Visitor: 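One structure, as C-alpha cells, below. Some questions next.
Remember, it's a predicted structure, so these values are computed and weren't measured experimentally.
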Amino acid sequence: MLAQLDRSISLKEWEMQRDRVAEMRPPIAIDADHFARLSALSSMASGPMAKVCEYLREELDPAHVIPADKLRPDIVSFGSKVKFRDEQTGKVREIVLVYPLDADIARRRVSVLTPVGAALLGLSVNQTISFRTRAGERRELTVLKVGRED
C-alpha cells in the first residue's frame, strides 16, 4: 500500500511539473508544407527520438498552420537563423534550424528532431518556451532574433 502511495505521489508531482512546463508553450505558427512533412516525420520516429517526436506532435497539434507566403519573417522556420538565450545559463547561441538530414552541429545546423530544434520551431522574437532535455532537465529559451541563413 505504501509503495502504491509513493508511486501516486510521484505521478502527481510529475503531472504537476508537466502542466507547468506546458504553460510555457506559446502558440506557434508554421507553414502548411512544413506542417504536413513534420507531422509525418514525427509519427515515424522511434527509439531515442520518440520523446522528441512526441513533444513535436504536442507542439504541432495547436499550431497556427498558414500558407508559406504568409509566414512572417520573424517566425522560426526551416532555414531560419535563430539567435536565442538559454534562460538558465544566460548563454546566447545562434543556430540554423534544419531537417535531420541537413543537421551539422559543427556548422550550427540543428535538427528539428532535437529538443532545442523542436522547441524553437514556430516561435517569434521575444517568445519564451519551456521544454525538457533528453536528460530530463527543464530549460527555457527566449528567441532574440530570426533571420535567414547567409
Visitor: Who clusters with V96? Use side-chain heavy atoms, under 4.5 angstrom, across I, L, V, M, F, W and Y, and order the result by chain and number.
Guide: V98
Visitor: Any heavy-atom pair between the side chains of L121 and L38 that's under 4.5 Å?
Guide: yes
Visitor: Is there a path from F35 to V76 through hydrophobic residues (I, L, V, M, F, W, Y) whose side chains come within less than 4.5 Å of each other?
Guide: yes
Visitor: Mind listing the closest non-hydrogen atom pair of D31 and A68 along with its distance?
Guide: CB-CA, 3.5 Å
Visitor: Please list all pairs meeting side-chain hydrogen bond (donor to acceptor under 3.5 Å, both in side chains) that have one or both residues in residues 94-108, counting only residues at least two apart or in different chains.
Guide: H34-Y99
Visitor: So, using side-chain contact (heavy atoms from CB on, under 4.5 Å) as the criterion, who are the partners of K145 when residues are at least two apart?
Guide: K83
Visitor: Roughly how far apart are I30 CD1 and H64 NE2, rounded to 0.5 Å?
Guide: 12.5 Å
Visitor: Give a yes or no on whether the backbone of E140 and the side-chain of Q88 come within a donor-acceptor separation of less than 3.5 Å.
Guide: yes
Visitor: Please say yes or no: joined through hydrophobic side-chain contacts below 4.5 Å, possibly via intermediate residues, are V65 and L41 part of one cluster?
Guide: yes
Visitor: Taking salt bridge (charged side-chain N to carboxylate O under 4.0 Å, His left out) as the definition, give me every residue that meets it alongside R139, ordered by chain and number, with sequence neighbours left out.
Guide: D86, E137
Visitor: The criterion is side-chain contact (heavy atoms from CB on, under 4.5 Å); which residues satisfy it with A36, sequence neighbours excluded?
Guide: none
Visitor: Roughly how far, to the nearest 0.5 Å, is the CG atom of L97 from the OG atom of S111?
Guide: 7.5 Å
Visitor: Restricting to pairs with a member in residues 68-79, which pass side-chain hydrogen bond (donor to acceptor under 3.5 Å, both in side chains), not counting sequence neighbours?
Guide: R72-D74
Visitor: Mind listing the closest non-hydrogen atom pair of E59 and A118 along with its distance?
Guide: CG-O, 4.4 Å
Visitor: Taking all non-hydrogen atoms of both residues, which atom of S130 and which atom of R138 are closest, and how far apart?
Guide: OG-NH2, 3.4 Å
Visitor: Do you know the tightest heavy-atom contact between G117 and V110?
Guide: N-CG1, 4.1 Å
Visitor: Check salt bridge (charged side-chain N to carboxylate O under 4.0 Å, His left out) between R85 and all other residues, then give those that pass, not counting sequence neighbours.
Guide: E87
Visitor: Evaluate the side-chain contact (heavy atoms from CB on, under 4.5 Å) criterion for residues F84 and L123: first the C-alpha distance (whole Å), next the side-chain angles of each, then the deciding distance (0.1 Å), finally the verdict.
Guide: CA-CA 11 Å; F84 64 92; L123 296 180; over 6 Å; no
Visitor: Please identify each residue that fulfils side-chain hydrogen bond (donor to acceptor under 3.5 Å, both in side chains) with R93, with sequence neighbours left out.
Guide: none
Visitor: Should I75 and L56 be counted in the same cluster of Ile, Leu, Val, Met, Phe, Trp and Tyr side chains packed under 4.5 Å apart?
Guide: no
Visitor: What's the spacing between I129 CD1 and T142 OG1 if we round to 0.5 Å?
Guide: 10.5 Å
Visitor: Find out if a path of hydrophobic residues (ILVMFWY) with successive side-chain heavy-atom gaps under 4.5 Å connects V116 to V125.
Guide: yes
Visitor: To the nearest 0.5 Å, what is the distance between CG (L101) and CZ (R109)?
Guide: 11.5 Å
Visitor: Might you point out which heavy atoms bring V143 and S124 nearest each other, and give the distance in Å?
Guide: CB-O, 3.5 Å
Visitor: Kindly state each residue pair satisfying ring-ring contact (aromatic ring centres under 6.0 Å, His included) with at least one member in residues 102-124, sequence neighbours excluded.
Guide: none
Visitor: Using the rule that two of Ile, Leu, Val, Met, Phe, Trp, Tyr join whenever any of their side-chain heavy atoms come within less than 4.5 Å, decide whether I105 and V92 are in one cluster.
Guide: no
Visitor: Is there a donor-acceptor pair closer than 3.5 Å between any side-chain N or O of S80 and the backbone N or O of V82?
Guide: no
